[in-house]
Amino acid sequence: EIVRVRSAGWVSELRVEFGQQVSAGQILAVLRNPELNSELAQARLSHDDAAAHCRYLRGQEDILALQQEEKKRHALAQRLAQLQGDVDDLVLLAPGDGTVISRNVAVQQGTYLEAGATLLAIGDEQRKQVLASVGQRQADNFRKSIGARVRLRTQGEFVSREIGLLHELEPGASSSI
């Protein structure tokens, strides 16, 4: 399984290495994003100011101004929750049990990764997946074989070996223009 960065930041801590066993929920890496932390702190202050202003307006019995300020406070609370989620996403957790199968994990230390960038991959012997490209003309034959056992012969092997079942076929192209 590919572990991708959800919030951009600098890789400040890498807590795993190639070949290491990991458990679901284990911290894999911690990213640092000072700008995001600063934005979160500013959002907290703005939200707190709006809440204090709402309390003041309740005492003034200015219903219209209070409604406007409550609306503003609600929008600030939503932004605050989003930013808090982004900051929480700076800690990357293992999505499941497995083994770190990315060989160059260590080179990520100190680098800046954009949201969506790949940090590493985790594999599990029990959850292997083989992706194959099949020509459009052969797609119907494969579609008929969904649920059947699959045999694979890799380069350099003379005998094919059973690797599992064909679970699905995801067409990636079209036969029409």
Side-chain angles (χ1 to χ4, degrees), residues 1-55 69-134 150 152 154-157 161-173:
E1 188 162 354
I2 303 295
V3 176
R4 296 188 189 281
V5 174
R6 290 185 301 271
S7 291
W10 297 92
V11 180
S12 63
E13 292 179 44
L14 263 174
R15 298 190 181 178
V16 294
E17 58 188 31
F18 172 71
Q20 182 177 337
Q21 293 290 318
V22 296
S23 301
Q26 178 178 338
I27 296 176
L28 304 172
V30 177
L31 278 63
R32 181 177 47 82
N33 186 328
E35 292 83 13
L36 185 58
N37 287 323
S38 176
E39 195 174 343
L40 175 63
Q42 182 60 47
R44 278 192 186 120
L45 289 173
S46 296
H47 180 264
D48 292 349
D49 285 348
H53 195 219
C54 284
R55 287 190 297 275
E69 193 65 22
E70 284 288 351
K71 190 175 183 179
K72 176 183 170 186
R73 189 190 59 77
H74 180 71
L76 288 168
Q78 287 179 321
R79 178 70 179 141
L80 182 60
Q82 177 196 357
L83 287 168
Q84 184 61 60
D86 291 347
V87 168
D88 293 346
D89 285 342
L90 292 172
V91 177
L92 287 103
L93 306 176
D97 297 344
T99 304
V100 177
I101 58 174
S102 298
R103 294 187 183 275
N104 297 325
V105 176
V107 299
Q108 301 279 23
Q109 181 72 40
T111 62
Y112 183 83
L113 297 176
E114 292 288 346
T118 298
L119 177 71
L120 54 84
I122 297 173
D124 181 353
E125 283 295 318
Q126 305 306 313
R127 296 184 300 148
K128 287 183 184 174
Q129 210 176 31
V130 176
L131 301 177
S133 295
V134 177
V150 176
L152 176 70
T154 57
Q155 187 175 4
E157 291 182 346
R161 57 191 162 93
E162 190 173 297
I163 62 167
L165 300 175
L166 178 59
H167 287 284
E168 63 183 310
L169 181 67
E170 295 180 17

Check your understanding: Under a 4.5 Å cut-off applied to non-hydrogen side-chain atoms, are I27 and L92 in contact?
Key -> no
Review point. Do side-chain atoms of E17 reach the backbone of A106 as a donor and acceptor pair under 3.5 angstrom?
Key: no
Exercise for review: Work out which heavy atom in V5 is nearest to a heavy atom in L113; give both atom names and the distance.
Suggested key: CG2-CD1, 3.7 Å
Exercise for review: List the steps, then state whether salt bridge (Lys or Arg N to Asp or Glu O under 4.0 Å) holds for R79 with E39.
Suggested key: CA-CA 10 Å; R79 178 70 179 141; E39 195 174 343; 2.2 Å; yes
Revision key, fill the gap. Interatomic distance, CZ@R73 vs SG@C54, rounded to 0.5 Å, equals 5.5 Å
Check your understanding: Is a side-chain donor or acceptor of Q108 paired with a backbone partner of L119 at a separation under 3.5 angstrom?
Key -> yes
May I have the list of side-chain donor-acceptor pairs in residues 42-50 shorter than 3.5 Å, sequence neighbours left out?
unit_1: R44; atom_1: NH2; unit_2: Q84; atom_2: OE1; d: 2.6
unit_1: S46; atom_1: OG; unit_2: Q42; atom_2: O; d: 3.2

Point to revise | Validation row: V16, L120 side chains within 4.5 angstrom (heavy atoms) | key: yes
Review point. Is a side-chain donor or acceptor of D97 paired with a backbone partner of A24 at a separation under 3.5 angstrom?
Key: yes
Exercise for review: Mark yes or no for whether S102, through its side chain, and A121, through its backbone, hold a donor-acceptor pair below 3.5 Å.
Suggested key: yes
Review point. Are any non-hydrogen side-chain atoms of I122 and L28 less than 4.5 angstrom apart?
Key: yes
Practice item. Give a yes or no on whether the backbone of V30 and the side-chain of S12 come within a donor-acceptor separation of less than 3.5 Å. Key: yes
Point to revise | Beyond-backbone contact of Q26 with Q20, side-chain heavy atoms, under 4.5 angstrom | key: yes
Point to revise | Pairs where residues 2-42 contributes a residue and the test ring pair (Phe, Tyr, Trp, His ring centres under 6.0 Å) is met, not counting sequence neighbours | key: W10-Y112
Point to revise | Donor-acceptor under 3.5 Å (N33 side chain, A8 main chain) | key: yes
Review point. Is there a donor-acceptor contact under 3.5 Å from the side chain of E1 to the main chain of G96?
Key: no
